[in-house]
Protein chains: 2
Amino acid sequence: MDKILDIDNVDLKIISLLNQDAKTPYTEIAKKVFVSSGTVHVRMRKLEDMGVVKSATLNIDFSKLGYDISAFLGIYLEKSSLYDNVIEMLKQIPEVINAYYTTGNYSIFAKIICKDTNHLRTVLDNIQKVDGIDRTETLIVLEESINRPIQFFDK
Amino acid sequence: MDKILDIDNVDLKIISLLNQDAKTPYTEIAKKVFVSSGTVHVRMRKLEDMGVVKSATLNIDFSKLGYDISAFLGIYLEKSSLYDNVIEMLKQIPEVINAYYTTGNYSIFAKIICKDTNHLRTVLDNIQKVDGIDRTETLIVLEESINRPIQFFDK
DNA sequence: TCAGTTATTTGGATTAAATCTAAATAAAAT
DNA sequence: ATTTTATTTAGATTTAATCCAAATAACTGA
C-alpha cells in the first residue's frame, strides 16, 4: 500500500501553496484550490498524520543575524563502521545543521553555519577532534545563487 | 550601522521558537517570551521588514511524495567566468533546489531532488547538456542523519 | 538632572481565521 | 439498488491576528 496513492492534486496544490508561504490562511488556500476551508483543514491534518508535512519553519537570512559563513564539509572516517558514533558526536555540535550519508569519496557530508572565520576555525577544530574522523575537506559557501522549494507537478 | 545591533534577545527568542514551529500562535509565543502578543507582532514585522525573516515554509518528507532521491552535484565549468550564465540555465531546471559558489574544486555546488533513478538520469543528462559545463560529480544522498534549524544563543 | 522628544510596549476593540460539528453529498461495496 | 463508508460543506463557536490609542520606557541635549 503506497502512501503516494493517497495524495491527490488537491493535496499537492495545498502543499505547494503553503510551501511558498506557510502562513497563508487556509481560507485563502481554499479559494485558490476551489474547495472549502474545512477541506483544507482535513487535508492538512491528513498530510501531517501521514508525516508528509513534518513542520513549518522560517526562512531566515542568517547573514543578517551575524552568521556570515556557511560551509559544506566532506568528512573522511578512519573506518566507515564508525558512522553512527560520529553522527552522534556531530549532533552535539550545534553548528552542524545537516549531515548525510552519501555515495562518493566522503563518508559523511555535512553542512555547518558559523558567525565568522574565527568561529569557523573553532568549529572545524572541534570536528577534527571527534573520535573516528580521519580528515575533512571544507567547501566554504561564498554565494547562494539558488535556494527554492520543490515545484510539484500533477500526478 | 549594523543590523545585528537592532536585534535583541527577545527577537532571537521569537525567531527561535517560530523556527521550530512557524504556525505557533503569537499569543503563545508571547507567553513564552514574557511580552504581549502585540509586541510579538511588532517584532516580527520589524524582522520581516529588515529581511531577517524572509518567509515561512513547510518541512516536507519528500520521499513520502515519491521524491526518493536527492543528490549533491559538484559542477566543473569550462571557464569560471561562465558562472552567471550557467546559474541562469540551472534555474530553468526545476529539480535544482540549491546552487552555491564555493571554495574548493567545484565551480558550482548544487542540490537536486528527483523521483527515482530514471528521473535522476534525465536530470543529470539535462545538466550535462548545459553550455559551459565541463563535467559533474554526483553525491547521492542515501541517508539524512541530521537536519535541524540553527540554535541561536543570547547576544 | 530634568524637560522634551522619540520609540516601544501594552491591553482592549475589531476583524479575521481556525476549529469543530452535524448535515449533505459523493463514492464504494455488496 | 441499497447500505455502508468516506468526504465535503456550511454554519456556529472558539481562538488568534490585527489595529490603535494610551501608557510606559528610553533617549536627547542643555
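It should be emphasised that the depicted structure is a prediction, and the values quoted were computed from it without experimental measurement. Lettering of chains follows the sequences in order, A, B, ..., and the numbering in each one begins at 1.
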### Terminal axes of the helix from dT1(C)-dA30(D) to dT30(C)-dA1(D) (five pairs each): angle between them, nearest 10 degrees
40°
### Query
So, Thr136(B) and Gln128(B): side-chain donor and acceptor under 3.5 Å apart, yes or no?
yes
### Distance-only side-chain donor-acceptor flag, Ser107(A) / Tyr101(A), under 3.5 Å
no
Quick test: give all pairs of protein nitrogen or oxygen and nucleotides 7-9 of chain D nitrogen or oxygen below 3.5 Å, distance rounded to 0.1 Å.
from	atom 1	to	atom 2	distance (Å)
dT8(D)	OP1	Arg43(A)	NH2	2.5
dT8(D)	OP2	Arg43(A)	NE	3.2
dT9(D)	OP2	Ser36(A)	N	2.9
dT9(D)	OP2	Ser36(A)	OG	3.3
dT9(D)	OP2	Thr39(A)	OG1	2.7

### Contacts of Phe62(B) that satisfy ring pair (Phe, Tyr, Trp, His ring centres under 6.0 Å) - sequence neighbours left out
none
In chain order, what residues pass the side-chain hydrogen bond (donor to acceptor under 3.5 Å, both in side chains) check against [X], with sequence neighbours excluded?
X         : answer
Tyr106(A) : Glu137(A)
Asn147(B) : Asn98(A)
Thr39(B)  : Ser36(B)
Lys46(B)  : Asp11(B)

### Message
Quick check on contacts: within residues 16-32 of chain A, what sits under 4.0 Å from DNA chain D by heavy-atom distance?
### Response
none
### Interface limits on DNA chain C, where chain B has a heavy atom under 4.0 Å of a nucleotide atom
dT9(C) to dT10(C)
### Summary
For residues 75-89 of chain B, the salt bridge (Lys or Arg N to Asp or Glu O under 4.0 Å) pairs (sequence neighbours left out) are Glu88(B)-Lys91(B)
## Note on the structure
ring pair (Phe, Tyr, Trp, His ring centres under 6.0 Å) pairs touching residues 111-143 of chain A, sequence neighbours excluded, are none
### Identified side-chain contact (heavy atoms from CB on, under 4.5 Å) partner of Phe109(B) from the options Thr103(B), Thr102(B), Ile75(B)
Thr102(B)
### Worked verdict on Tyr100(B) versus Ser70(A) for side-chain hydrogen bond (donor to acceptor under 3.5 Å, both in side chains)
CA-CA 11 Å; Tyr100(B) 306 95; Ser70(A) 65; over 6 Å; no
### Message
Tell me every residue that passes salt bridge (Lys or Arg N to Asp or Glu O under 4.0 Å) with Lys31(B), counting only those two or more places apart in sequence or in another chain.
### Response
none
